[in-house]
Amino acid sequence: IQSTSDEVLLASKRGHTADVAMRAAAALKAAGFNFIGQMMVGLPASNIEREIATARDICAMGADGARVYPTVVFANTELSNMSVSGEYEPLTEEDAVRRTAAVLEVFDAMHVPVIRVGLHSGESLSSPEKAVAGARHPAMGELAMGEVTFNRICAEIERFFAGREKLDSGETLAVFVPKGATSRAVGQNKRNISRIREKYSAQYQINRIKIIEKSSLIGYNIMIDIL
């Protein structure tokens with residue numbers, strides 16, 4: 001189920017409508033099979049609103065899991081020709097991360113596990129000779145999951161400091177994350193840590209940040225405290 005938007009499916013020349021995909025999913029569930037919904041981000045005629053709607057539709061179909069693939073443009077394909085002609089505008093890395101993070105939020109809210117985000121780096125599909133545009137970053141999944149985590153941290157910081165004074169000199173902001181989530185909380189090249197400082201240093205005097213794993217937390221849940 002690349003998309004549940006007929007406009008997107010038509011522009012992408014998939015050869016079927018959203019109704020066909022939905023009936024196929026219903027047949028799988030009726031037969032007792034597990035159903036894993038696979039969707040793409042950044043297809044022709046798509047936008048973040050249509051992608052969020054597709055994620056919600058996949059959840060509503062009773063999906064047991066999901067895979068999310070930001071669109072990559074491969075050489076010598078019709079999508080590549082559409083990119084050259086200007087008919088299709090490939091995703092930028094920033095847009096791919098933002099839009100993928102938005103659909104990950106939907107699946108998390110609906111308790112549908114996402115079992116893959118982006119192409120597997122070992123498939124050699126992201127090499128410059130094959131992938132010519134779009135979401136080509138070899139760690140796109142990590143970037144997108146890091147973006148969700150960053151957004152959750154920011155929301156929790158603002159909740160924590162609502163009606164509260166800023167940090168005193170020498171105090172450290174403790175960010176508690178689920179086991180194994182330190183990497184996505186820190187972000188690639190400490191990207192999230194830098195952005196948190198940039199966003200909240202003046203307002204809350206957040207300069208010292210410590211990421212601490214907490215076994216009682218799951219998913220993208222975050223807790224904030226002061227050390």
Side-chain angles (χ1 to χ4, degrees), residues 41-42 47-49 51-53 55-56 59 66 68-70 91-119 121 126 134-227:
V41 171
N47 55 41
I48 192 168
E49 291 79 16
E51 288 152 7
I52 288 172
R56 288 173 176 162
C59 295
V68 182
Y69 292 99
L91 284 171
T92 65
E93 182 179 302
E94 181 180 349
D95 274 345
V97 169
R98 178 178 61 89
R99 288 162 65 166
T100 303
V103 301
L104 292 181
E105 289 277 17
V106 174
F107 289 121
D108 184 65
M110 300 301 293
H111 308 292
V112 174
V114 177
I115 60 177
R116 176 167 297 287
V117 181
L119 295 173
S121 59
S126 58
R136 296 176 293 174
H137 196 288
M140 180 54 63
E142 182 179 343
L143 289 173
M145 290 185 284
E147 188 70 8
V148 175
T149 305
F150 171 74
N151 292 337
R152 294 291 182 91
I153 291 172
C154 290
E156 193 61 23
I157 285 174
E158 292 175 16
R159 187 203 65 78
F160 184 83
F161 281 94
R164 182 190 181 102
E165 294 296 323
K166 59 190 177 184
L167 293 182
D168 291 332
S169 176
E171 288 185 324
T172 298
L173 183 78
V175 179
F176 294 92
V177 302
K179 294 288 272 186
T182 295
S183 177
R184 72 186 190 212
V186 172
Q188 281 209 335
N189 301 316
K190 298 185 177 180
R191 178 173 182 263
N192 287 348
I193 298 296
S194 298
R195 290 194 294 167
I196 292 167
R197 289 195 181 107
E198 181 180 349
K199 187 171 183 177
Y200 296 114
S201 176
Q203 185 177 6
Y204 300 131
Q205 294 296 308
I206 294 176
N207 295 299
R208 300 171 62 176
I209 303 167
K210 185 173 184 179
I211 307 296
I212 303 171
E213 295 189 3
K214 190 177 180 69
S215 58
S216 61
L217 294 174
I218 60 172
Y220 292 101
N221 291 331
I222 301 293
M223 289 178 59
I224 299 291
D225 208 341
I226 297 173
L227 299 179

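As the structure is a computational prediction, the values presented were derived from the model and not from experiment. Just so you know, residue 1 is the first one in the sequence shown, and it goes up from there.
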Between Asp108 and Gly219, is there a donor-acceptor pair closer than 3.5 Å when you use the side chain of the first and the backbone of the second?
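Between the backbone of Gly219 and the side chain of Asp108 there is no qualifying donor-acceptor contact (under 3.5 Å).
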How long is the gap from [atom1] on [X] to [atom2] on [Y], to the nearest 0.5 Å?
X: Glu156; Y: Leu173; atom1: CD; atom2: CG; value: 10.0 Å
X: Glu51; Y: Arg99; atom1: CD; atom2: CZ; value: 4.0 Å
X: Ser183; Y: Gln188; atom1: OG; atom2: CD; value: 7.5 Å
X: Arg195; Y: Cys154; atom1: CZ; atom2: SG; value: 7.5 Å
X: Glu93; Y: Arg136; atom1: CD; atom2: CZ; value: 9.5 Å
X: Arg197; Y: Ile209; atom1: CZ; atom2: CD1; value: 5.0 Å

So do the side chains of [X] and [Y] get within less than 4.5 Å of each other, counting heavy atoms only?
X: Glu105; Y: Val148; value: yes
X: Arg184; Y: Tyr220; value: yes
X: Pro113; Y: Phe107; value: no
X: Ile222; Y: Lys214; value: no

Evaluation steps, side-chain contact (heavy atoms from CB on, under 4.5 Å), between Ile212 and Val177:
CA-CA 6 Å; Ile212 303 171; Val177 302; over 6 Å; no
Under the side-chain hydrogen bond (donor to acceptor under 3.5 Å, both in side chains) criterion, do Tyr200 and Glu158 qualify, and how do the steps go?
CA-CA 9 Å; Tyr200 296 114; Glu158 292 175 16; 2.6 Å; yes
Write out all pairs satisfying ring-ring contact (aromatic ring centres under 6.0 Å, His included) with one or both partners inside residues 138-188, taking only residues at least two apart or from two chains.
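Passing the test, one end in residues 138-188: Phe161-Tyr204.
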Please check if the number of heavy atoms outside Ile218 that lie under 6.0 Å from its CD1 is greater than 12.
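For Ile218, atom CD1 is not crowded (no more than 12 foreign heavy atoms under 6.0 Å).
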Using the rule given for side-chain contact (heavy atoms from CB on, under 4.5 Å), can you reason through Asn192 versus Ile153, listing the C-alpha separation, both sets of side-chain angles and the distance that settles it, and then say yes or no?
CA-CA 9 Å; Asn192 287 348; Ile153 291 172; 5.7 Å; no
Non-neighbouring partners of Arg191 that pass salt bridge (Lys or Arg N to Asp or Glu O under 4.0 Å), sequence neighbours left out:
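Result, salt bridge (Lys or Arg N to Asp or Glu O under 4.0 Å) vs Arg191: Glu147.
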Can you name the salt bridge (Lys or Arg N to Asp or Glu O under 4.0 Å) partners of Glu142, sequence neighbours left out?
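Expected list: none.
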Write down the atom of [X], the atom of [Y], and the distance for their closest heavy-atom approach.
X: Asp95; Y: Leu91; answer: CB-CD2, 4.1 Å
X: Ile211; Y: Ala185; answer: CG2-CB, 4.1 Å
X: Asn207; Y: Ser201; answer: OD1-OG, 2.8 Å
X: Pro178; Y: Glu213; answer: O-CG, 3.8 Å
X: Arg208; Y: Gly170; answer: NH1-O, 2.9 Å
X: Val117; Y: Leu104; answer: CG2-CD2, 3.9 Å

Please determine whether a side-chain nitrogen of the Lys or Arg among Asp225 and Lys210 lies less than 4.0 Å from a carboxylate oxygen of the Asp or Glu.
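Looking at Lys210 together with Asp225, the answer is no, because their closest N to O distance does not fall below 4.0 Å.
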As a quick check of understanding, evaluate side-chain contact (heavy atoms from CB on, under 4.5 Å) for Met140 and Val97, giving each step before the final call.
CA-CA 7 Å; Met140 180 54 63; Val97 169; 3.8 Å; yes
